There are 2 protein chains.
Amino acid sequence: MRAGLIAAGVELARSGGPEAVVLREATRIVGVVPNAAYRHFADRDELLAEVCTAAMNELADRMTADLTRIRGKRGNPDAARRRLGAIGSAYLRFAQEEPGLFATAFAVPRRHSYADRDGATDGSIRSTPLGLLRAALDELVEAGVLDPQRRDGIEYPIWSAVHGTAELTGQGPLRDAPDAELRRIEALTLTFISNSLT
Amino acid sequence: MRAGLIAAGVELARSGGPEAVVLREATRIVGVVPNAAYRHFADRDELLAEVCTAAMNELADRMTADLTRIRGKRGNPDAARRRLGAIGSAYLRFAQEEPGLFATAFAVPRRHSYADRDGATDGSIRSTPLGLLRAALDELVEAGVLDPQRRDGIEYPIWSAVHGTAELTGQGPLRDAPDAELRRIEALTLTFISNSLT
DNA sequence: ACCCTTAGTGGACACTGTCCACATTAGCTC
DNA sequence: GAGCTAATGTGGACAGTGTCCACTAAGGGT
């Protein structure tokens, strides 16, 4: 039942973003009275938090799926570059194809903060976007593409650039630009990152 | 009165983000009955849209304020670099000091879209964040710092990097990191951008 | 057989955005 | 000045939301 409510919430988030994951509607989908949800979640925010991590997990899953499609031995410079590019592409594609889920993944309510659940501070056990990015950067160092002296902390500017592009072109001021322009901007960001590795 | 409602909305947005700009509360502040607002705004969304542009304008104003503090002739390479840095710093500082307004500036409702009001697509008459950034980049080209061949479209990756940093450290997964770490991440992004100009 | 935890129900409250009909008031025309 | 018109604000209502409270089954352990 808890899982059912979360699944319903994910569906609501997919088509309408975090605002659309409304408790009463989720219970309606499951076919139960609104208050029943309070046996499984303290708040609407607790339900929303679960939906958020589900959305974040789906993003991570899509990234790994794209990542495994890139051939080439670990440590190969060209393959390492392509893997980094795949990470960025998957991120941007997810934001574009699933705008609701993307917005939801980053709309975790203040109360139920990220803690270490999504590996924001450490790329722990589960595959997480930041963890995947770090692994790709480590491989780039190993492959001799990225200067080890520049490795420390570089995941943040790179993540920021990709995330900012997703945000600005998806829901931000650039959202009404024609599709071709949006793709161009995404490509500009990816090559900007690639250029800054040398 | 219209202005009063917008001002009240800005105050609500300042301490609570876009979600906090609730029509009834704004009318309460102005000291009028809820429905009176409908003589001046079609929707709550129309009020919110005005509040959003007000927030965006305040961001632009702070950026120009910081910008005028940078001495140095136009075309001087060092001054040009410092001006670009000031733009990024002001952006990040605004996001940190006024999280509510920052979030609101980018939460324009779908209906009342940006149009060309904030100069998203062209840095028109009024001073706008993107317009300021473009001017700074043009000066960097003029100063011989930035290769003219790399100038085209480079405002988007740069804007994205700064915006993404603001988002990730402000409301995103990194928001719970210690303050020192947040400043470090911001500095990393700014030097990342600076390095990528050469 | 009892009791106690769990899961779900029914009813209520405060709050929101929004619609409708009404009152007031300012300004204009005759 | 009298009266019409447009603008502005009021009062009351409705649906929808999150959330609290008291209540009712059902199931399992003693």
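Every chain is numbered from 1 and lettered A, B, ... according to where its sequence line falls, protein lines coming before strand lines. No experiment lies behind these values; they were computed from the predicted model shown.
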*State which residues pass side chain to side chain contact (heavy atoms under 4.5 Å, CB included) with B/S160; sequence neighbours excluded, sorted by chain then number.*
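B/S160: side chain to side chain contact (heavy atoms under 4.5 Å, CB included) contacts with A/T165, A/L168, A/T189.
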*Please report the shortest heavy-atom distance between B/A8 and B/V30, naming the atom on each side.*
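That closest heavy-atom pairing would be CB-CG2, 4.3 Å.
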Please give, in whole Å, the distance from [N] [atom2] to [X] [atom1]?
X	N	atom1	atom2	answer
B/L47	C/dG17	CG	P	9 Å
B/L48	C/dT16	CG	C1'	15 Å
A/F41	C/dG8	CZ	P	11 Å
B/R111	C/dT18	CZ	C1'	14 Å

*Taking the six-membered ring for Trp and the single ring otherwise, decide whether the centroids of B/F41 and B/H112 are under 6.0 Å apart.*
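When the ring centroids of B/F41 and B/H112 are compared, they turn out to be at least 6.0 Å apart.
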_Any side-chain N or O of A/H40 below 4.0 angstrom from OP1/OP2 of C/dG8?_
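Yes, A/H40 has a side-chain N/O under 4.0 Å of OP1/OP2 on C/dG8.
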*Taking atom CZ of B/R151 as the centre, report whether more than 12 heavy atoms of other residues, nucleotides or ligands fall under 6.0 Å from it.*
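Check passes, neighbour count above 12.
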*B/R183 atom CZ, neighbour heavy-atom count above 12 within 6.0 Å*: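 Count not over threshold, so no.
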_What I want to check is whether the side chains of A/S113 and B/R175 have a donor and an acceptor closer together than 3.5 Å._
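On atom types as modelled, these side chains qualify, holding a pair under 3.5 Å.
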*Modelled atom types, side-chain donor and acceptor of A/R14 and A/T104, under 3.5 Å*: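 Side-chain D/A pair, A/R14 to A/T104: absent.
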*How does protein contact run along nucleotides 17-25 of chain D, one letter per nucleotide 5' to 3', with B for base contact, S for sugar-phosphate only, - for none, heavy atoms under 4.0 Å?*
BBBBBB---
*asked:* Tell me whether the rings of A/F106 and A/Y91 are parallel (<30°), tilted (30 to 60°) or perpendicular (>60°).
replied: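 Ring orientation, 0 to 90° scale: tilted.
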*Just jot down the ring-ring contact (aromatic ring centres under 6.0 Å, His included) partners of B/F94, sequence neighbours excluded, or say none.*
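By the ring-ring contact (aromatic ring centres under 6.0 Å, His included) rule, B/F94 matches no residue at all.
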Below 3.5 Å, can you tabulate the donor-acceptor pairs from side chains in residues 74-83 of chain A to any protein atom, sequence neighbours excluded?
unit_1, atom_1, unit_2, atom_2, d
A/R74, NE, A/E142, OE1, 3.1
A/R74, NH2, A/E142, OE1, 2.8
A/N76, OD1, A/D78, N, 2.8
A/N76, OD1, A/A79, N, 3.0
A/D78, OD2, A/R82, NH1, 2.7
A/R81, NH2, A/S194, O, 3.3
A/R82, NH2, A/R71, O, 3.3
A/R83, NE, A/E139, OE1, 2.9
A/R83, NE, A/E139, OE2, 3.3
A/R83, NH1, A/I70, O, 3.4
A/R83, NH1, A/G72, O, 3.4
A/R83, NH2, A/G72, O, 3.0
A/R83, NH2, A/K73, O, 3.3
A/R83, NH2, A/E139, OE2, 3.0

*May I ask you to list the residues of residues 6-14 of chain A, by number, that have any heavy atom positioned under 4.0 Å from an atom of DNA chain C?*
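Of all residues in residues 6-14 of chain A, none places a heavy atom under 4.0 Å from DNA chain C.
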_Applying a 3.5 angstrom cut-off to the pairing atoms, does DNA chain D sit in any stems of at least three consecutive Watson-Crick or G-U pairs? List them by first number._
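The stems that DNA chain D takes part in, listed by first number, are C:1-30 with D:1-30.
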*Do B/V22 and B/M1 belong to the same hydrophobic cluster, where Ile, Leu, Val, Met, Phe, Trp and Tyr are linked whenever their side-chain heavy atoms lie under 4.5 Å apart, directly or via other members?*
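They do not share one cluster, since no chain of ILVMFWY contacts under 4.5 Å joins B/V22 to B/M1.
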